[in-house]
Amino acid sequence: MIRVLIADDQHLVRAGFRSLLDDEDDITVVGEVADGAAAVAAAREARPDVILMDIRMPGMDGLEAARRIAAERDGVRIVILTTFDLDEFVYGALRAGVAGFLVKDTDPAELLRAVRVAARGDALISPSVTRRLIAEYAGRVRRPGPDPRLEELTPRERELAELVAAGLSNDEIAARLVLSPTTARSAVSRVMTKLGVRDRAALVVLAYESGLVSPGWLG
């Protein structure tokens, strides 16, 4: 059972998400909160697997809440709820340790897929929050500098890191490199362990900040 916490200051949004999620046999909503501070407290008490987190909330915003939760709890997956006018927050959210992004008007089937993808440890990006957008903002943050951790990777492991940074899923990586999905998943996990990053989103940040990939790479 996937345990989900919903953090959004709009009651109708929370109610709509709860109704959709609670209809699924493998998902249960363990709490609803309306601000970032409450989300941090609920993450401690309810111990969700996935948190659907709005960015703009009264008091502590979603990014600060995400940073605190990521620092306190390994394993919880935070999916940021965003809108087009919040695109500038995408890279900051990646740095905060989130697992992915969804636009609030996403299709219900996409929301359910997102929760399941996040719960199994994959990063996700809503089709409306494009890979190119993340690359653009990542490239603006600072000039890339070398990261000694990358020197520990084999050529194939560097290729895997590049493909993860480009936003490819494990299945897409498997197809591109002619691997089984299980092999691709295990290989990506080894790369993350070798680099000492907590999840795929953190690997994306490292790849851009180190210059392993550059804005617009792979289209």
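Numbering starts at 1 and runs along the sequence shown.
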### Task
List the steps and the verdict of side chain to side chain contact (heavy atoms under 4.5 Å, CB included) for Val76 and Ile69.
CA-CA 8 Å; Val76 64; Ile69 293 169; 3.6 Å; yes
### Query
side chain to side chain contact (heavy atoms under 4.5 Å, CB included) between Ile2 and Val115: does it pass, once the steps are laid out?
CA-CA 8 Å; Ile2 301 170; Val115 168; 3.9 Å; yes
### Message
Run the side chain to side chain contact (heavy atoms under 4.5 Å, CB included) test on Ile6 and Val33 for me, step by step, so that the C-alpha distance in whole Å, both residues' side-chain angles and the decisive distance to 0.1 Å come before the verdict.
### Response
CA-CA 6 Å; Ile6 302 169; Val33 295; over 6 Å; no
### Query
Checking side chain to side chain contact (heavy atoms under 4.5 Å, CB included) for the pair Arg14/Leu52: CA distance, chi angles, key distance, verdict?
CA-CA 10 Å; Arg14 297 197 309 271; Leu52 298 177; over 6 Å; no
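Looking at every heavy atom in both residues, Ile173 comes nearest to Ala184 through CG2-CB, 4.4 Å. Here the closest heavy-atom approach between residue Pro181 and residue Asp171 is recorded as CB-OD1, 3.4 Å. For the residue pair Asp26 and Met1, the shortest heavy atom distance occurs at C-SD, 3.3 Å. Nearest heavy-atom pair, Glu32 versus Leu5, reported as atom, atom and distance to 0.1 Å: N-CD1, 4.1 Å. The two residues Ala37 and Asp35 make their nearest non-hydrogen contact at N-OD1, 3.1 Å. Minimum interatomic distance between Leu150 and Ser210 (heavy atoms only, all atoms of both residues): CD1-OG, 3.2 Å.
Using a 4.5 Å cut-off on side-chain heavy atoms (C-beta onward), Arg77 and Val98 make no contact. Put simply, the side chain of Val4 does not reach to within 4.5 Å of the side chain of Thr28, judged on heavy atoms. Side chains of Arg113 and Pro108 form no contact here, defined as non-hydrogen atoms less than 4.5 Å apart. Residues Leu81 and Met53 are not in side-chain contact: their nearest non-hydrogen atoms beyond the backbone lie 4.5 Å or more apart. Residues Val164 and Val191 fail the side-chain proximity criterion, which asks for heavy atoms closer than 4.5 Å. Between Val30 and Arg47, every side-chain heavy-atom pair lies at or beyond the 4.5 Å cut-off. Contact of the Ile51 side chain with the Val79 side chain is not registered, since no non-hydrogen atoms from C-beta on lie closer than 4.5 Å. No side-chain heavy atom of Gln10 sits under 4.5 Å from any side-chain heavy atom of Leu12.
Under 4.0 Å is where a charged nitrogen must lie from a carboxylate oxygen, and between Arg68 and Glu72 no such pair does. A salt bridge does not link Glu157 with Arg190: none of the charged nitrogens is closer than 4.0 Å to a carboxylate oxygen.
With Ser19 contributing its side chain and Ala15 its backbone, the two residues share no donor-acceptor pair below 3.5 Å. In this structure a side-chain-to-backbone donor-acceptor pair under 3.5 Å is missing from Thr106 to Leu102. Without hydrogens or angle criteria, Asp22 side chain to Val29 main chain gives a donor-acceptor distance under 3.5 Å. No donor-acceptor pair under 3.5 Å is formed between the side chain of Arg158 and the backbone N or O of Leu153.
Between atom CG of residue Leu21 and atom CZ of residue Arg3 there is a gap of 13.5 Å, rounded to the nearest 0.5 Å. Here CG of Leu212 is found 9.0 Å from CG of Leu195. Values are rounded to the nearest 0.5 Å. Rounding to the nearest 0.5 Å places CG of Asp49 at 10.5 Å from CD1 of Ile27. The distance from the CD atom of Glu64 to the CD1 atom of Ile55 is 13.0 Å, given to the nearest 0.5 Å. How far CG of Leu63 is from CZ of Arg56: 11.0 Å, rounded to the nearest 0.5 Å. Considering CG of Leu177 and CG of Leu160, their distance stands at 6.0 Å, rounded to 0.5 Å.
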